[in-house]
Structure formats: structure tokens, C-alpha cells
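Just below is one structure, and these are the notes that go with it.
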There are 2 protein chains.
Amino acid sequence: MTQSLTLHKDLRQNHRKLTRARQAVLAIVTDAQRHLTPAEIYRKAKIKYPHLGLTTVYRTLDLLAELGYIQRVHAVEGCHSYAPTAQTHGHHLVCATCGRAEEFTDCDLESLIQSLQVRTGFEINVHMLELMGRCPDCRAPARARKRKTPRGKA
Amino acid sequence: MTQSLTLHKDLRQNHRKLTRARQAVLAIVTDAQRHLTPAEIYRKAKIKYPHLGLTTVYRTLDLLAELGYIQRVHAVEGCHSYAPTAQTHGHHLVCATCGRAEEFTDCDLESLIQSLQVRTGFEINVHMLELMGRCPDCRAPARARKRKTPRGKA
DNA sequence: GCGTAATTGAAAATCATTTTCATTTAGAAA
DNA sequence: TTTCTAAATGAAAATGATTTTCAATTACGC
Ligand SMILES: [Mn+2]
Ligand SMILES: [Mn+2]
Ligand SMILES: [Zn+2]
Ligand SMILES: [Zn+2]
């Protein structure tokens, strides 16, 4: 079943409608190879559906995240970009240089969470894990350049 | 050595000054039992040092985070609160109800990171991990009441 | 097709953060 | 001490992101 059809079903269950705006926004985030900010999503989706408004993009991102079709991405600098959800319970590995986001699902925090629950008395029910670094593409040129670059401060 | 003295030394090394504003902001974040937003920090610090300006709070939070005295906290809903740093490389366990933040240091992500590096070709150099739930104090009254809302998944 | 609740987009409002700039201050040097 | 100056400050304005409002439009169950 196509993603759009699944979405249609999910929406119907909540008395909500499948609109052109929603389809456009979902398509942009889903097809992106990187996490995108609301403004970026607006710009791209507007090409496919020029009537679209920014307000609707914000509302749609909230909705799609609630339904689990996309995920909010937090980074050390800069919050609230969005990336597609491949599976439930995914985390992101984000390239700090180009923004490319890779999803992974084997976060394996169970034993850490279990021991922290015991130690602190907290009940832990949500976790946020994000890894940042440089993707293979962005590493290559940097490695080549590194040799030539004279010493200096950042 | 007191924290304020350590800070004085750190600042001096960078040709920076220990000001009343900086002392006030650091004291508020350090003594807090919960993570605080810039606006909250401003309100509280202004009581101790009424001349303080909000602009300075923002600048000071950046500075103290850079120096490692405090840490930015991201949460699923709401970003950019600040909590004190107990040790370097700490993570936070935050109570979703009252905001109380517990720091922990044994995140133990090395093997996950190592295997992801191999699998994806990314070079991973930063990670963000935050756990959310309910602290012992906030659990007690909730447990007494009948729970109607199922907990969400991470 | 009709009726209606849900959705939309433009504009305005709100809220968080940053920039600007004239003034003040910390602290090193005299 | 007093002097000197780079660093820091705070008020106000500017910027940017997000939310609210509201009249008009649209999806879709009937
Ligand atoms: Mn996980
Ligand atoms: Mn964040
Ligand atoms: Zn990259
Ligand atoms: Zn609590």
C-alpha cells in the first residue's frame, strides 16, 4: 500500500482530511535525503503546489509528526528540522556539513535505561538520541584539503 | 576551589572578565534543581542582581556553555533550556512533569557508535542523548490515581 | 450534488533571539 | 591608588520563527 493511501486511512480515523497541502509536505520530507527546516519544506513544497501557505506547513508538520510519518530532529546547534520516519523508533545520524540524515533503529539503550530507572527512581518512557558527524561524501574533500591547510585557529 | 574562582581563572585565560552578571547567571543555573529557560534564568537572576539585562543572559549562557559550566538541554517539546554540568560529558534525565533534571555520565554508546561508523561510513563525533520520564516525586501522586492515558513509545 | 466540519492562507500578533550602539566596568599596568 | 582600555553591559530596535485569528475554501460522508 502506498504511503499516501496509508495516510488517508490514518486521517480518516481521526475525522481529518487528505489535502493537497498535506500530500505535498509529506512528499517533500519523505523524498529528502536530508533533514529540512519548516522554511525549507515550505519553499520546496510550494513548487509542487504553489497555493501552499507557510502556516499550513507548520500545522502539517505537527500533524505528520504526531501520526509518526516524520520525525523532529534536534541538533546541538539548531532545532526543529524534520526527517522522514523509515520505521517506528528510529534515530538519526546527521552530517554536520551537508545535513544528510541517516536513520538507524538499533539504539539498544535498554540496559542503560533499566539501570538508570533502578538507580534514580525515575520512570523513563521517552528517549532522544541523535548522532552527529560527517558523512562519507563530506569526509573525502576535507581529508584531501587537510594536508594543504596551514596551522591556525578555527 | 570554589566554582566562582575556577570561572575567574578560565575567564582570565581568554582575556575575559568576571562580572556580577556572569556570577548571578551561573549561580542560578547551578543551584537549580531543574533545567531553566533563558527567560526563567533572567527572572530569577534579576532578583539577585536587578540591573541585569536579558541580552546579557543570552550572551552569558552561550559563554558558560562554551566553557562547559552549564549544558544546553533539548527536549522533545521545547528546546534550549540550561542545566548545570556536574562532570564533563554528562547527559540529562528530565522529568516531564516538574522539569527536574538528573545528570548521568555512563551513556556507554561506544559500541553503537563504533558499529554505525563502520556500517555507514560516517565519522561520528558528537552525540546527543536525553531521557525523559517522571521523577519519583511526580510518580507518587500519579500512581495513586487511576491511569487512563496509555504511555507513548519512545 | 449537499451540507458541514475540517482545513486553508493572508495578515497580524506573539515570542525568542540577535544586533546595534552609547555607556559602564573589570582588571592590568603604572 | 589612579589611570587606561578592551571587554562587557543594557535599552531599544531589528530580526526570525512560530502561533493566532478569521473569513473563505475544500474534502468527503451522506
Ligand atoms: Mn532508541
Ligand atoms: Mn532541540
Ligand atoms: Zn555530509
Ligand atoms: Zn518530577
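In this text the structure is predicted, and so the values were computed from the model without any measurement. Residue numbers start from 1 in every chain, and the chains themselves are labelled A, B, ... in the order their sequence lines are given, proteins ahead of strands.
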Open item on the list: Side chains of A:Glu103 and A:Leu93, heavy atoms from C-beta outward: is any pair under 4.5 Å?
Closed with: no

Open item on the list: Are B:Val94 and B:Leu131 packed together at the side-chain level, in the sense that at least one heavy-atom pair is separated by less than 4.5 angstrom?
Closed with: no

Task: Result of checking B:Val29, B:Leu7, B:Thr30 against B:Leu64 for side-chain contact (heavy atoms from CB on, under 4.5 Å) - done: B:Leu7

- [ ] Just jot down the side chain to side chain donor-acceptor pair (under 3.5 Å) partners of A:His92, sequence neighbours excluded, or say none.
- [x] none

Task: B:Arg43 CZ - C:dC15 P separation (whole Å) - done: 12 Å

TODO: List the protein contact pattern of nucleotides 19-30 of chain C with one symbol per nucleotide (5' to 3'): B for base contact, S for sugar-phosphate-only contact, - for none; contact means a heavy-atom distance under 4.0 Å.
DONE: BB----BBSS--

Open item on the list: Looking at A:Glu40 and A:Arg34, is any side-chain nitrogen of the basic one under 4.0 Å from a carboxylate oxygen of the acidic one?
Closed with: yes

Open item on the list: Could you tell me if the side chain of B:Thr105 sits less than 4.5 Å from the side chain of B:His91, heavy atoms only?
Closed with: no

TODO: Please report, rounded to the nearest Å, how far the P atom of C:dT8 is from the CD atom of A:Gln23.
DONE: 11 Å

Task: A:Leu11 CG - D:dA27 P separation (whole Å) - done: 13 Å

Open item on the list: Measure CG/A:Leu61 against P/C:dT8 and give the value in whole Å, please.
Closed with: 12 Å

Open item on the list: Can you confirm whether B:Leu67 sits close enough to B:Leu11 that some side-chain heavy atom of one is under 4.5 Å from a side-chain heavy atom of the other?
Closed with: yes

- [ ] Check for a donor-acceptor pair, side chain of A:Lys48 on one end and backbone N or O of A:Ala24 on the other, with a separation under 3.5 Å.
- [x] no

Task: Distance in angstrom units between A:Asn14 CG and D:dG29 P, rounded - done: 13 Å

Task: Those residues of residues 25-42 of chain A lying under 4.0 Å from DNA chain D by at least one heavy atom - done: A:Pro38

Under 3.5 Å, which donor-acceptor pairs do the side chains of residues 106-117 of chain B form with other protein atoms, sequence neighbours left out?
from, atom 1, to, atom 2, distance (Å)
B:Asp106, OD2, A:Arg119, NH2, 2.7
B:Ser115, OG, B:Leu112, O, 3.2
B:Gln117, OE1, B:Ile124, N, 2.8

Open item on the list: It should be established whether A:Arg22 places a side-chain nitrogen or oxygen under 4.0 Å from OP1 or OP2 of nucleotide C:dT8.
Closed with: yes

TODO: Please state how far atom OH in A:Tyr58 lies from atom C1' in C:dT14, giving the value in whole angstrom units.
DONE: 13 Å

Task: A:His15 NE2 - D:dT26 C1' separation (whole Å) - done: 18 Å

Task: Secondary-structure notation, DNA chain C, from Watson-Crick and G-U pairs under 3.5 angstrom (| other strand) - done: ||||||||||||||||||||||||||||||

TODO: Kindly indicate whether the side chain of A:Asp10, heavy atoms from C-beta on, has any atom under 4.5 Å from the side chain of A:Tyr69.
DONE: yes

Task: Partners passing side chain to side chain donor-acceptor pair (under 3.5 Å) against A:Arg72 (at least two apart in sequence or in another chain) - done: A:His80, A:Tyr82

